[in-house]
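Chain identifiers are assigned alphabetically (A, B, ...) following the order of the sequence lines, protein sequences preceding nucleic acid strands; residue numbering begins at 1 within each chain.
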Amino acid sequence: MSSKIPRLKPVPYKESDLYQPLLAPQLGPGCGTTEDIPYNKRDFKYKPCRPNPFLLSKMYSTTDLPPYKGRFSYFDRSQRMCINEDCDQCTSEDCWRSVKGSLPIRQGRVYVEFKILNSEGDSHVRLGFGRREASLEAPVGYDAYGYGFRDLTGQKVHLSRPQDFMGSFGTGDTIGLLIQLADRIKIDDIDRDEIPIKYKNQLFFEQYDYVVTKPMDHLLNPVTVFGEKAIPDKDRYKPPVIQGSFIKVFVNGEPKGTAFENLYEFLPPASELKKGARDDGSLGYYPMASCFRGGKVQLNTANKPEFAPQGEKEYLMYNELYDDSKIEEYVWDLIDEVESAWLDELGL
Amino acid sequence: MNLSLLDPFAVAKEYPEVLFSKLEFGHSTLIKSSYNSDYLASGTIDGDIVIIDLDTHGIIKILRNHTRAINSLRWSNCGRYLLSTSRDWKVNLWDLTANEPIRSLRFEGPIWQAEFSPKNQPFEIFISIFEDDCLFVNWEDKDDIRMSPISVEGSEESSNHYILTGVYHPSGNFLFVGTNKGLVNIISTIDGSTLFTEKITSSNVKNIILSQTGYRIAVNFSDRIIRQFKIPDLVNEEPENWVLEVEHKYQDVVNRLQWNSVSFNSNGEYLIASTFGSSHEIYIWETTMGSLVKILEGSKEELVDVDWNFKKCEIYAVGLDSGKIYMWGVIVPQKWSALAPDFVEIEENIEFMEREDEFDIIPENEMAQKNLELEEDIEVDLLTKDTIDARGFSIEKSFVIPLKLEHSQNLFE
């Protein structure tokens with residue numbers, strides 16, 4: 001908390017802001033792109049916020065846009081990636097574009113189910129998990145921050161290096177990904193450092209986003225470039241891992257084995273903001289889908305899987321994280337308010 | 001830049017459009033580019049003949065023997081010999097390996113024109129003389145120069161009737177001549193007999209030109225009309241059946257412009273003419289329909305002699321007052337991407353569409369295997385030379401004028 005002295009006081013809201021309804025982006029019946037929300041880019045991330053007259057110092061509280069469930073994110077998405085009104089389908093007419101889920105998976109065992117709606121002909125999809133830093137203009141598994149699966153060959157992809165894993169999959173298949181992280185992570189402090197801004201007459205919190213670090217980037221390109229020379233790295237960086245973590249794959253409920261084990265750790269210091277390394281509650285593994293030239297994917301946003309993963313009992317569906325996540329946000333809002341009020345009292 | 005690498009549509013332009021250069025080496029009166037389009041000979045008012053290299057636009061030779069203005073210049077087909085006449089009443093034959101004329105004849109009066117025969121070059125020539133019978137000359141033997149005069153036949157008014165200009169048929173067996181009474185005759189070069197005669201008009205013939213293909217002839221009369229004829233089949237038809245059929249008449253109906261000089265392009269599809277008087281332009285007509293396609297502008301003075309350089313697709317003309325050589329050409333935009341075929345030049349940004357596996361890193365040995373499968377055995381022929389250039393002209397080994405660099409110091413004396 002000491003990092004925030006003196007605190008940046010938010011711009012007070014106007015009374016009219018209180019009565020401004022919270023608007024979800026306008027989307028037609030099919031998949032489309034959204035005009036009236038900011039996209040996460042240039043190392044900033046956004047989330048919706050509301051003026052809150054009960055929080056006298058913080059003045060604003062975190063909120064969410066409909067639909068209220070574990071779904072694809074409006075913000076964590078390539079600008080050219082189209083989603084539908086329900087935020088459970090995504091498609092791209094361009095080459096590889098990606099979208100992440102709206103909630104991070106931070107702990108426990110979570111089952112995420114993707115249904116492939118189209119991967120015919122020239123259209124392709126890749127599915128997997130990505131961290132905050134994973135690039136949205138590349139397929140999942142492009143960098144050290146993601147783990148993906150390729151529909152064309154059924155290969156698993158990490159650090160852009162495809163490795164044979166299972167047979168190819170395509171239109172109509174339901175790919176279930178079971179991710180096991182640490183059972184319970186230790187949370188000392190959530191430091192959110194968020195600033196309310198107005199974008200197209202709507203209020204959003206703006207926060208620093210996590211940035212790709214040099215050693216992680218070198219895992220993808222193990223060379224250092226000096227002018228016209230490229231010198232290969234001598235030592236390979238070994239990022240910290242989450243012991244016992246894994247990703248298991250199920251095609252239409254049928255187990256295909258463990259694709260990745262000992263996933264890279266996401267808690268600080270493994271993830272870094274532009275200034276310092278701290279947890280703002282958004283760290284974790286996000287379900288991530290990438291579409292290529294009309295590839296289309298649907299995310300299961302129900303509390304029940306379409307095909308139950310055979311041999312697995314103890315798991316949460318992705319959507320079941322929703323309530324906890326929102327309650328947590330609310331708790332951290334209150335803690336922020338107490339902290340801000342105390343700082344205000346000190347006159348800082 | 002190599003022409004064949006450039007935009008084929010720009011290279012394939014039929015006629016020049018832009019005035020791109022002016023050259024001034026003395027006061028030029030007459031120009032003629034060589035058959036291979038490498039050199040330009042320019043006759044000056046002082047009687048010098050300046051040879052200009054058309055790649056560098058620099059002088060590579062000055063031939064000095066005449067003492068008055070040059071009034072006719074011809075290149076031999078091989079490019080080694082030059083035939084010149086001048087107002088000093090001399091006809092000279094130059095070998096461009098030397099600086100002196102190898103043959104020279106002086107006449108009793110002014111000479112209009114001298115012309116190489118296609119046969120036995122450079123020793124058989126045709127000369128037309130002011131108010132005298134024109135001559136076939138064979139000067140192969142320096143000491144035994146044979147001349148056979150040709151007089152005008154086929155006309156009642158034989159007094160004061162002279163041949164002014166002539167041009168050889170590509171076969172070398174026939175000569176087309178024009179007289180001061182408006183006659184166009186075809187003369188056999190074998191015995192000098194007139195095979196065909198037709199009175200077209202009653203005014204002077206100023207120039208006769210023949211297209212390289214030998215299908216068309218254009219005659220510039222001083223009645224301000226250029227008449228274009230189709231040449232009859234001279235080889236297979238009997239002379240009695242020959243007909244000179246007028247295809248088109250080119251004239252300026254409004255201003256009644258007099259035409260100074262005319263020239264065909266390589267295949268005879270276009271005809272150009274320079275204009276007399278205050279109009280400082282070159283007209284380009286298309287010869288199948290007879291329509292005016294372009295007027296070349298840019299000179300600030302009257303243009304006299306015009307010449308079409310085929311291989312470079314350029315038109316040259318001489319200004320009357322300044323003696324400058326004006327050059328019109330085709331400006332072909334440079335296309336450097338042709339040197340790197342995997343690069344493309346774009347007018348505006350286009351979105352890159354990556355492949356499905358664009359981001360994937362495949363181990364090097366697998367990649368090499370993949371490339372091997374893609375690559376086919378393509379034999380690259382580096383030894384065979386092209387036979388035609390980018391504009392479709394056959395590439396021939398042509399005579400290169402030897403340069404003596406130590407000589408160049410006294411070139412401009």
Side-chain angles (χ1 to χ4, degrees), chain A residues 78-80 92-98 118-126 128 130 134-165 168 170 217-223 232 288 290-295, chain B residues 1-12 55-56 331-383 385-386 390:
Chain A
S78 163
Q79 215 157 334
R80 305 286 285 272
S92 148
E93 287 307 313
D94 297 327
C95 304
W96 288 118
R97 310 284 159 182
S98 299
N118 182 31
S119 72
E120 300 288 330
D122 222 10
S123 308
H124 293 289
V125 296
R126 290 188 191 190
S135 173
L136 293 169
E137 312 294 337
V140 54
Y142 160 71
D143 43 26
Y145 295 101
Y147 300 90
F149 297 92
R150 183 182 181 192
D151 66 335
L152 189 65
T153 55
Q155 285 165 313
K156 54 179 180 180
V157 191
H158 177 56
L159 286 167
S160 286
R161 285 155 180 90
Q163 282 177 295
D164 291 342
F165 176 64
S168 64
D217 195 35
H218 272 240
L219 288 176
L220 178 62
N221 288 312
V223 286
M288 189 166 163
S290 307
C291 299
F292 179 85
R293 293 204 174 184
Chain B
M1 195 170 182
N2 193 340
L3 265 190
S4 51
L5 293 179
L6 296 175
D7 180 9
F9 290 102
V11 173
D55 288 327
T56 60
I331 305 292
V332 185
Q334 303 265 296
K335 196 177 136 209
W336 292 100
S337 64
L339 298 170
D342 42 347
F343 280 70
V344 181
E345 278 179 35
I346 53 171
E347 298 286 318
E348 53 185 20
N349 284 344
I350 53 168
E351 204 169 315
F352 173 66
M353 287 300 222
E354 69 234 17
R355 300 184 313 273
E356 195 270 338
D357 58 353
E358 186 80 37
F359 292 97
D360 297 342
I361 298 166
I362 300 166
E364 261 176 44
N365 49 357
E366 270 180 51
M367 190 73 125
Q369 187 68 35
K370 224 176 174 181
N371 284 349
L372 265 182
E373 285 163 20
L374 283 176
E375 263 175 42
E376 284 167 36
D377 289 331
I378 303 163
E379 277 193 24
V380 181
D381 187 356
L382 293 172
L383 298 173
K385 283 183 177 171
D386 280 349

### Qualifying residues under side chain to side chain contact (heavy atoms under 4.5 Å, CB included), relative to B:Glu347, sequence neighbours excluded
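Per chain and number, B:Glu347 pairs via side chain to side chain contact (heavy atoms under 4.5 Å, CB included) with no residue.
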
### Task
For A:Ser98 and A:Ala138, indicate whether the former's side chain and the latter's backbone hold a donor-acceptor pair under 3.5 Å.
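Pair found, side chain donor or acceptor close to backbone of A:Ala138.
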
#### Entry: Whether A:Asp94 side chain and A:Phe292 backbone form a donor-acceptor pair below 3.5 Å
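The answer is no, because no donor-acceptor pair under 3.5 Å joins these two groups.
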
### Query
A:Gly294 and A:Asn118: which non-hydrogen atoms are nearest, and at how many Å?
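Reported closest heavy-atom pair: O-ND2, 2.9 Å.
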
#### Entry: Residues of residues 139-152 of chain A within contact distance of chain B, non-hydrogen under 4.5 Å
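Against chain B, the residues of residues 139-152 of chain A that fall inside the cut-off (heavy atoms, under 4.5 Å) are A:Pro139, A:Tyr142, A:Arg150, A:Asp151, A:Leu152.
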
### Message
Report, in residue-number order, which members of residues 156-165 of chain A are under 4.5 Å from chain B by heavy-atom distance.
### Response
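Residues in range: A:Val157, A:Leu159, A:Ser160, A:Arg161, A:Pro162.
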
### Task
With side-chain contact (heavy atoms from CB on, under 4.5 Å) as the test, would you mind laying out the steps for B:Leu382 and B:Val380 before giving the verdict?
CA-CA 6 Å; B:Leu382 293 172; B:Val380 181; 4.0 Å; yes

### Message
With a 4.5 Å cut-off on side-chain heavy atoms, are B:Glu354 and A:Trp96 touching?
### Response
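Of all side-chain heavy-atom pairs linking B:Glu354 with A:Trp96, at least one is under 4.5 Å.
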
### Task
Would you mind reporting whether B:Phe352 and B:Glu358 have side-chain heavy atoms less than 4.5 Å apart?
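The answer is yes, as the side chains (C-beta and beyond) meet within the 4.5 Å cut-off.
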
### side-chain hydrogen bond (donor to acceptor under 3.5 Å, both in side chains) partners of B:Asp381, counting only residues at least two apart
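For B:Asp381 the side-chain hydrogen bond (donor to acceptor under 3.5 Å, both in side chains) partners, ignoring immediate neighbours, are B:Thr384.
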
### Chi angles and distances behind the side-chain contact (heavy atoms from CB on, under 4.5 Å) call for A:Ser92, A:Arg80
CA-CA 7 Å; A:Ser92 148; A:Arg80 305 286 285 272; 5.6 Å; no

### Message
Can you tell me which portion of B:Glu351 sits under 4.5 Å from chain A's heavy atoms? Options are side chain, backbone, both or neither.
### Response
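Contact with chain A involves the side chain of B:Glu351 alone.
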
#### Entry: Derivation of the salt bridge (Lys or Arg N to Asp or Glu O under 4.0 Å) call for A:Glu93 and A:Arg293
CA-CA 4 Å; A:Glu93 287 307 313; A:Arg293 293 204 174 184; over 6 Å; no

